[in-house]
Structure formats: C-alpha cells, structure tokens
2 protein chains.
Amino acid sequence: MAIQRNTIQRTLVLDAVKTLKNHPTPDMVSEYVRGRNPAVSRSTIYRNLNLLCEEGRLQRVHVPNSADHIDHNCEPHYHAVCNKCGSVFDVEINLDSELSDDSSDLCSYVSCKGLKIKGCVVLFTGICDNCSEESKI
Amino acid sequence: MAIQRNTIQRTLVLDAVKTLKNHPTPDMVSEYVRGRNPAVSRSTIYRNLNLLCEEGRLQRVHVPNSADHIDHNCEPHYHAVCNKCGSVFDVEINLDSELSDDSSDLCSYVSCKGLKIKGCVVLFTGICDNCSEESKI
DNA sequence: CTTATTGCAAAACATTTGCAGTAAG
DNA sequence: CTTACTGCAAATGTTTTGCAATAAG
C-alpha cells in the first residue's frame, strides 16, 4: 500500500531523519520523535520508515549485527560503519579510481554459477575518529 | 575463550557445514546435525558456529533480512544471495577485471570524513536459476 | 580432578502484525 | 463517510545467556 495521507506522525518521522542527518536507527528516530510528541508509538516509527523507504524518500542502510540505519540522502552512494560504536558515515569516491557511486557497476566484474547477478551491496568498515580518540586515552 | 576440547557436538557441527557445502544457516546446520544426533541443542549449534568462525575454521556470511549463512571455505571470496529464496552462492571474478578476491582492495578507492576505513563487505544480489525457472511456470 | 562444554529455558534484540479505535481527505 | 493510519500488546525470527549438569583431557 502506498502513502496516501499526511499524518503528523509521518511528518515527524521524515523530519527526524532529515534533521538528525547522522543515519539514525529506528530507535534514534523514535527517541527524537518522542521528544516532540511522546504519544507516537514505535510501530508507527517502523511503519513510516518502511513506507518512506519504499517510496524512495529515504534510504535504508543494512548493518551486520546491528539495527538498520536510515539515510535521508537517497542518491546512490557508499557507507562506512564504525566497528566500535556502530555509527554510519558517508563515503567519498577517490576521483581517479574506477569505482563509481553506483555499486551495481561492480557486477560487471563478476559472475556466478546458478544465479543471475543483478545488484550489489557494499559496506565499508573501520574505526571512527571518536572511537580511536577514546582508545588512546 | 578459544576451542580446547573436541566434543562430538563440535565435530558434528563442523562436518555439517563441510558436508552441506551450500552456505547453510544455523537452522539448516541444526536440522542436519539433529538428523544424526537429535540431542544436540540449538544453543550448542550457535556456540560452536561462533567459535569455529572466530578460529577461522568457518566463515560467516551476513545476509540482510535473513539469518547468517556459514561458509566452509575460509579463503577470501565474494558471495551472492538470491533475492527470492535467500540461497547463497560463491561468486567468480572475471579474469580481466580490476577486482581481486580481496574485497579490502576496494578501500583504496574511497575515503571517509570522520572514519578511518579498514575493510569492506560486499554482497552481490540476484535471482537464482531455480527461482527464475519457477517464475516462468 | 578440573573446567570447558552442554542442554534447557529464559532473555535479548530488532522488527512485524492483528485488531479496535482515530483522523485525514 | 471511508478507509488509511495509529497505538497497543502480543508475536515473530534470530541469537545470546545464566545456570546446573556432563564429559573431555
């Protein structure tokens, strides 16, 4: 079912992701939304994030061993996750590389017996500045 | 804690993954193991898969919206998942491409503000032959 | 003997769902 | 009015954990 009505809950959810800008998890969205309207339920957060992602107004970032993260930027681009704190960052492509923003380009480099490859998910990993600072102390 | 004892349960778990060869989920491992020894508990399956992966004797393949899959082949290589049935396949690199088996090579193509990139996870997606046959019928 | 390992049941975690009530159009 | 949407509570799927009992070395 597509989006047909503009509820205050829906607006709050979309605004939260756009305001936070930090690839929040549904939980972080929930916390932010509840700060402005404590009555909004967790199910509504999840349902609206799902609908907004399906409509292409938000983008989902799957992170292993963690909740999903939500990106307000729907243009194709890569992400990186901190192995310590789980924060998600946007990644920049080096100008002189063969890699493009569109990860499905990688598909032309590979083949697979028994499966027709259509797309590709890439997630970079590392340690964020915050966490590497902490470990120095 | 590292592996120190060779229990029959541990042997059954390792044998299951090596025999099945199809990147089974813990559930599929459990079913196979229980076919040979119904007393083995699910916790033991999980605990042994975790230990064997930590030791580098098995490899874990994270699949979004699905249980993990376990690979008996620990050499670095890429995987693809069927969007319909969730089966996991090994991917072959085209000989004349810049892509190598080691996904961390991709890291040299990108940079990230606020995070030091160390590695990279790649998962190809598509439709397997079985599922595309089914949809033709 | 010692303690790593097991089985069980319960908990944890992220997310979805059934249903009756509410509100957007 | 109609029915998309919400809130709640309960269920789902996957994995982990506390604890007493077992067994590997």
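The analysis underlying the following values was restricted to heavy atoms, covering all of them including side chains, and did not include hydrogens, waters or symmetry mates. Quick caveat: nothing in here was measured; it's all calculated off a predicted structure. Numbers restart at 1 for each chain; the letters A, B, ... are given by sequence-line order, proteins then strands.
In this structure, CD1 of B:I70 is placed 13 Å from P of D:dT14, rounded to the nearest angstrom. The CG-P distance, from B:L12 to C:dT5, rounds to 16 Å in whole Å. D:dT15 atom C1' lies 14 Å from atom NE2 of B:H69, rounded to whole Å. Across the protein-nucleic acid pair, B:R42 atom CZ and C:dA9 atom P stand 13 Å apart, rounded to whole Å. Separating the CG atom of B:N65 from the P atom of D:dG13 is a distance of 14 Å, rounded to the nearest angstrom. Per the geometry, CD1 belonging to A:I45 stands 10 Å off P belonging to D:dT6, to the nearest Å.
Of all the residues in residues 17-41 of chain B, B:A39, B:V40, B:S41 reach under 4.0 Å from DNA chain C with at least one non-hydrogen atom.
A:S30 contributes atom OG, which lies 11.0 Å from atom CG of A:L12 (distance to the nearest 0.5 angstrom). Here CZ of B:F124 is found 9.0 Å from OG of A:S103. Values are rounded to the nearest 0.5 Å. Separating the CG atom in A:L115 from the OG atom in B:S132 is a distance of 9.0 Å, to the nearest 0.5 Å. The distance from atom OG of B:S108 to atom CD1 of B:I117, rounded to the nearest 0.5 Å, is 10.0 Å.
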Audit row: A:D129, B:K116, salt bridge (Lys or Arg N to Asp or Glu O under 4.0 Å) steps and yes/no: CA-CA 7 Å; A:D129 294 350; B:K116 169 118 186 159; over 6 Å; no
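Side-chain N/O atoms of B:N50 include none lying less than 4.0 angstrom from OP1 or OP2 on D:dT15. Residue A:R10 places at least one side-chain N or O closer than 4.0 Å to OP1 or OP2 of D:dC5. OP1 or OP2 of C:dT6 sits under 4.0 Å from a side-chain N or O of B:N48. Look at B:Y46 and you'll find a side-chain N or O under 4.0 angstrom from OP1 or OP2 of D:dT15.
Open room surrounds CD on B:E31; 12 or fewer heavy atoms of other groups in view lie less than 6.0 Å from it. Annotation for A:E55: atom CD counts as buried by contact number, over 12 foreign heavy atoms lying within 6.0 Å.
No option in B:D15, B:V13, B:I8 other than B:D15 meets the side-chain contact (heavy atoms from CB on, under 4.5 Å) test with B:T11.
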Between side-chain atoms of residues 66-74 of chain B and protein atoms elsewhere (two or more places apart, or another chain), which donor-acceptor pairs fall under 3.5 Å?
unit_1 : atom_1 : unit_2 : atom_2 : d
B:D68  : OD1    : B:H62  : ND1    : 3.2
B:D68  : OD2    : B:R60  : NH1    : 3.0
B:H69  : ND1    : B:H23  : O      : 2.8
B:D71  : OD1    : B:N73  : N      : 2.9
B:D71  : OD2    : B:H23  : NE2    : 3.3
B:D71  : OD2    : B:H77  : NE2    : 2.8
B:D71  : OD2    : B:H79  : NE2    : 2.7
B:N73  : OD1    : B:E75  : N      : 2.9

Nucleic acid footprint by protein, nucleotides 17-25 of chain C - heavy-atom cut-off 4.0 Å, B for base, S for sugar-phosphate alone: BB----BBS
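Taking the side chain of B:A67 as heavy atoms from C-beta on, and the options D:dC5, D:dT15, D:dT6, the nearest nucleotide is D:dT15.
In this structure, A:V121 shares a hydrophobic cluster with no other residue, the cluster being traced through Ile, Leu, Val, Met, Phe, Trp and Tyr side chains under 4.5 angstrom apart.
Applying the salt bridge (charged side-chain N to carboxylate O under 4.0 Å, His left out) test to A:R57 and every residue at least two apart in sequence or in another chain returns nothing.
Comparing the local axis fitted to the first five base pairs of the helix from C:dC1-D:dG25 to C:dG25-D:dC1 with the one fitted to its last five gives a bend of 30°, rounded to 10°.
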